[in-house]
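A quick write-up on the structure given underneath.
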Amino acid sequence: MNKPFYTFVGFMLLLIGLGACGNKPKSGRTDTYSSGAIRFASDESFSPIIDEEKEIFERVYPEAQLTPLYTNELDAINLLMQDSICLAITSKNFTKKQTDYLHSKQLVPRAIPIAYDGLSLIVNNANTDTCITVTDIKRILSGQVKSWKELYPRSTRGDILVVFDNKQSSTVHYCVDSLLSGKPINSPNIMAAMTSKEVVEYVEKTPNAIGIIGSNWLNDKRDTTNTTFNKKIRVMSVSRMDKATPYNSWKPYQYYIYNGNYPLIRTIYALVVDPIRGLPWGFAQFIASPKGQMIIFKSGLLPVQGDITVRDVNVN
């Protein structure tokens, strides 16, 4: 008597299962790990390396189309939290509050570290005062030091003009969080350009300026060894000591980021909230893969993954 009933129930369950496998996701997305079209957000200061990653990824997966939205770090994370995008490239990990909120929506956030970047200080080519301490950087940003003469008594460059890429960028957040312990930047002579490129261009023309940018904007692209910086500006050497000298100060070369000598280091993350593990997840995993990490290495940043070989070289 009961056999037809069991057969009917089994048939209905089969139909439900087949329907679930064949339906599109509730979001309407049709992208896969390596195909489709998506938008993602990134802090503008990482645009050179992200552009390279995107170009290679689309070459490997010709059915994929990635559209980057370069903005400031705060807006990039807000877009992710508002479910407008599924991938953001930032120098911040998810906060506990953000993680709890996403979990409450039955979403699983993933923060994938992809690179280490040296926050860099650049000055005009005519400026020969290029060694500075971390303490002096803090004093400049807090407004305790206002002129070049206060740091270098022989300087005639007048007031120190600090230039950032954007008021809400990852560089500003690093300075506030890591250098000023959460206190606001109070330098009286501070300005924000629109992009990192504009910071470099402004410093080229302004003898009394200090620009603060990510190190991936510094490299001379003609040098495949990543040991030559943009010759249109000077890169400052930074020291943890009380007094900076050429012997205790370091530039943001990959090796000095790797061994920890350079003091201003931040981690770059791919923040992913992708319930179907489609194209946003695929691109993030590509950046973290050996091929993606090699692209990061060639850009002048330090990859998180990979075998780093250090050799001593004798120069005659």
Side-chain angles (χ1 to χ4, degrees), residues 25-27 29 38-47 49-50 53 68-119 134 137-138 141-142 164-186 192 212 214-216 257 260 262-289 292-293 296 301-305:
K26 290 181 181 180
S27 63
R29 286 174 52 191
I38 61 156
R39 293 188 317 147
F40 69 96
S42 171
D43 187 286
E44 180 276 333
S45 63
F46 307 136
S47 60
I49 178 59
I50 297 304
E53 295 281 3
L69 173 60
Y70 291 122
T71 182
N72 62 71
E73 184 171 74
L74 181 62
D75 286 347
I77 293 176
N78 284 340
L79 286 170
L80 188 67
M81 299 303 294
Q82 294 163 5
D83 201 26
S84 298
I85 57 172
C86 296
L87 169 65
I89 310 296
T90 75
S91 67
K92 279 184 174 291
N93 199 340
F94 290 105
T95 64
K96 184 180 185 304
K97 184 177 179 180
Q98 289 166 345
T99 300
D100 290 345
Y101 171 74
L102 292 168
H103 283 162
S104 73
K105 297 181 66 177
Q106 308 302 312
L107 296 170
V108 181
R110 285 291 305 275
I112 304 172
I114 57 175
Y116 300 111
D117 181 28
L119 199 70
V134 173
I137 298 170
K138 295 177 182 179
L141 295 174
S142 64
F164 286 97
D165 49 353
N166 187 289
K167 291 180 181 179
Q168 297 292 350
S169 73
S170 58
T171 54
V172 172
H173 291 157
Y174 179 93
C175 289
V176 170
D177 296 341
S178 300
L179 295 179
L180 299 179
S181 301
K183 297 177 181 178
I185 296 172
N186 286 322
I212 303 181
S215 61
N216 65 123
I257 294 174
Y262 191 71
L264 309 178
I265 302 173
R266 58 184 178 171
T267 305
I268 303 174
Y269 297 93
L271 303 182
V272 191
V273 184
D274 187 2
I276 70 168
R277 293 207 171 190
L279 194 52
W281 177 261
F283 184 49
Q285 290 294 314
F286 174 81
I287 299 174
S289 73
Q293 292 287 282
I296 285 173
L301 300 185
L302 184 68
V304 169
Q305 304 291 337

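FYI, the numbering just counts along the sequence from 1.
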- Does NZ belonging to K105 count more than 12 external heavy atoms closer than 6.0 Å? yes
What is the distance from atom [atom1] of [X] to atom [atom2] of [Y], rounded to the nearest 0.5 Å?
X: N166; Y: T71; atom1: CG; atom2: OG1; value: 7.0 Å
X: L301; Y: N216; atom1: CG; atom2: CG; value: 4.5 Å
X: L69; Y: S47; atom1: CG; atom2: OG; value: 12.0 Å
X: I185; Y: L180; atom1: CD1; atom2: CG; value: 6.0 Å
X: I265; Y: L302; atom1: CD1; atom2: CG; value: 8.0 Å
X: F40; Y: L80; atom1: CZ; atom2: CG; value: 12.5 Å

- Item | Pair I89-L87, side-chain contact (heavy atoms from CB on, under 4.5 Å): steps then yes or no | CA-CA 7 Å; I89 310 296; L87 169 65; 4.1 Å; yes
- Task: Check the pair S215 / D117 against side-chain contact (heavy atoms from CB on, under 4.5 Å), numbers first and verdict last.
- Result: CA-CA 6 Å; S215 61; D117 181 28; 2.5 Å; yes
- Under the side-chain contact (heavy atoms from CB on, under 4.5 Å) criterion, do I212 and I137 qualify, and how do the steps go? CA-CA 11 Å; I212 303 181; I137 298 170; 5.5 Å; no
Taking [X] for the side chain and [Y] for the main chain, is one N or O donor matched with an acceptor at less than 3.5 Å?
X: D43; Y: S170; result: yes
X: Q305; Y: S289; result: no
X: Q168; Y: L74; result: no
X: Y174; Y: L179; result: no

[X] versus [Y], closest heavy-atom pair with distance:
X: V272; Y: A284; result: CG2-CB, 3.6 Å
X: R266; Y: S45; result: NH2-OG, 3.8 Å
X: I257; Y: Y262; result: N-CB, 4.4 Å
X: S169; Y: N72; result: N-CB, 4.1 Å
X: R110; Y: F94; result: O-CE1, 3.5 Å
X: Q293; Y: I287; result: NE2-O, 3.0 Å

- Cationic N near anionic O, under 4.0 Å, K92 to D177: yes
- Message: If the threshold is 4.0 Å, N to carboxylate O, is there a salt bridge linking R29 and D274?
- Response: yes
- Looking at T171, N78, T90, V172, which one forms a side-chain contact (heavy atoms from CB on, under 4.5 Å) with E73? T90
- Determine whether L271 and P109 make a side-chain contact, defined as any pair of heavy atoms from C-beta on separated by less than 4.5 Å. no
- Message: The test is side-chain contact (heavy atoms from CB on, under 4.5 Å); show your working for M81 and V273 and say whether it passes.
- Response: CA-CA 9 Å; M81 299 303 294; V273 184; over 6 Å; no
